[in-house]
Amino acid sequence: MTEQDLFHVILAPHISEKSSRVADKNRQFVFSVQRSATKPLIKQAVEKMFSVEVESVTVTRVKGKVKRQGKTPGRRQDWKKAYVRLKPGQEIDFVGGQAK
């Protein structure tokens with residue numbers, strides 16, 4: 001896999017109350033990733049994008065919700081979520097700003 005392909009593995013950080021709690025307590029960060037992504041591929045992508053060392057990766061598949069538009073039933077797409085644990089002393093700063 002080329003370096004360019006690694007940047008397409010991680011789609012976005014997944015920001016929620018649970019992901020904030022996990023980040024503070026366990027040094028884990030949550031990302032939405034491609035459905036075809038594997039644990040080693042996710043690890044390589046995070047290490048390359050953020051210049052950090054990854055300790056472990058846990059992956060879950062999230063089923064899409066069933067929604068309705070009037071009488072017509074529909075369904076959202078399934079997606080994959082990755083919990084990435086960093087080694088001690090490592091940090092990812094999504095904001096990128098400095099504190100004053």
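Computed from heavy atoms alone, side chains included, the values below leave out hydrogens, waters and symmetry copies.
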Between atom NZ of K39 and atom OG1 of T58, what is the distance when rounded to the nearest 0.5 Å? 5.5 Å
Qualifying residues under salt bridge (Lys or Arg N to Asp or Glu O under 4.0 Å), relative to E3, sequence neighbours excluded: K48
In Å, rounded to the nearest 0.5 Å, how long is the span from CZ of F29 to CD1 of I15? 9.0 Å
Are V59 and V84 in one and the same hydrophobic cluster, where Ile, Leu, Val, Met, Phe, Trp and Tyr link if side-chain heavy atoms are under 4.5 Å apart? yes
Judged by atom type as modelled, is there a donor-acceptor pair below 3.5 Å linking the side chain of S19 to the main-chain atoms of H14? yes
How close do I42 and V57 get, heavy atom to heavy atom, and via which atoms? CG2-CG1, 4.0 Å
Heavy atoms of F31 and P13 approach each other most closely as CD2-CA, 3.8 Å
Determine whether more than 12 heavy atoms belonging to other residues, nucleotides or ligands lie under 6.0 Å from atom CZ of R68. yes
Suppose we screen for salt bridge (Lys or Arg N to Asp or Glu O under 4.0 Å). Which residues come up paired with D78, at least two apart in sequence or across chains? R75
From the options Q28, Q90, R27, select the one residue that forms a side-chain hydrogen bond (donor to acceptor under 3.5 Å, both in side chains) with E55. R27
E47: partners by salt bridge (Lys or Arg N to Asp or Glu O under 4.0 Å), with sequence neighbours left out: none
Linking Ile, Leu, Val, Met, Phe, Trp and Tyr through side-chain heavy atoms less than 4.5 Å apart, which residues share a cluster with V66? none
Hey, any chance V54 and V33 share a hydrophobic cluster, counting ILVMFWY side chains that come within less than 4.5 Å of each other, even indirectly? yes
Is there a chain of hydrophobic side chains (I, L, V, M, F, W, Y, each step under 4.5 Å between heavy atoms) that links I10 to V62? no
Can you list every pair that meets ring-ring contact (aromatic ring centres under 6.0 Å, His included) and has a residue in residues 55-74, with sequence neighbours left out? none
So how far is it from S32 OG to K81 NZ, rounded to the nearest 0.5 Å? 8.0 Å
Can L11 be reached from W79 by stepping across I, L, V, M, F, W or Y side chains whose heavy atoms are under 4.5 Å apart? no
Closest heavy-atom pair and its distance - L6, Q44: CD2-OE1, 3.8 Å
Restricting to salt bridge (Lys or Arg N to Asp or Glu O under 4.0 Å), what partner residues turn up for K87, sequence neighbours left out? E53
Would you say I92 and L41 are hydrophobically clustered, going by side-chain heavy atoms of ILVMFWY under 4.5 Å? yes
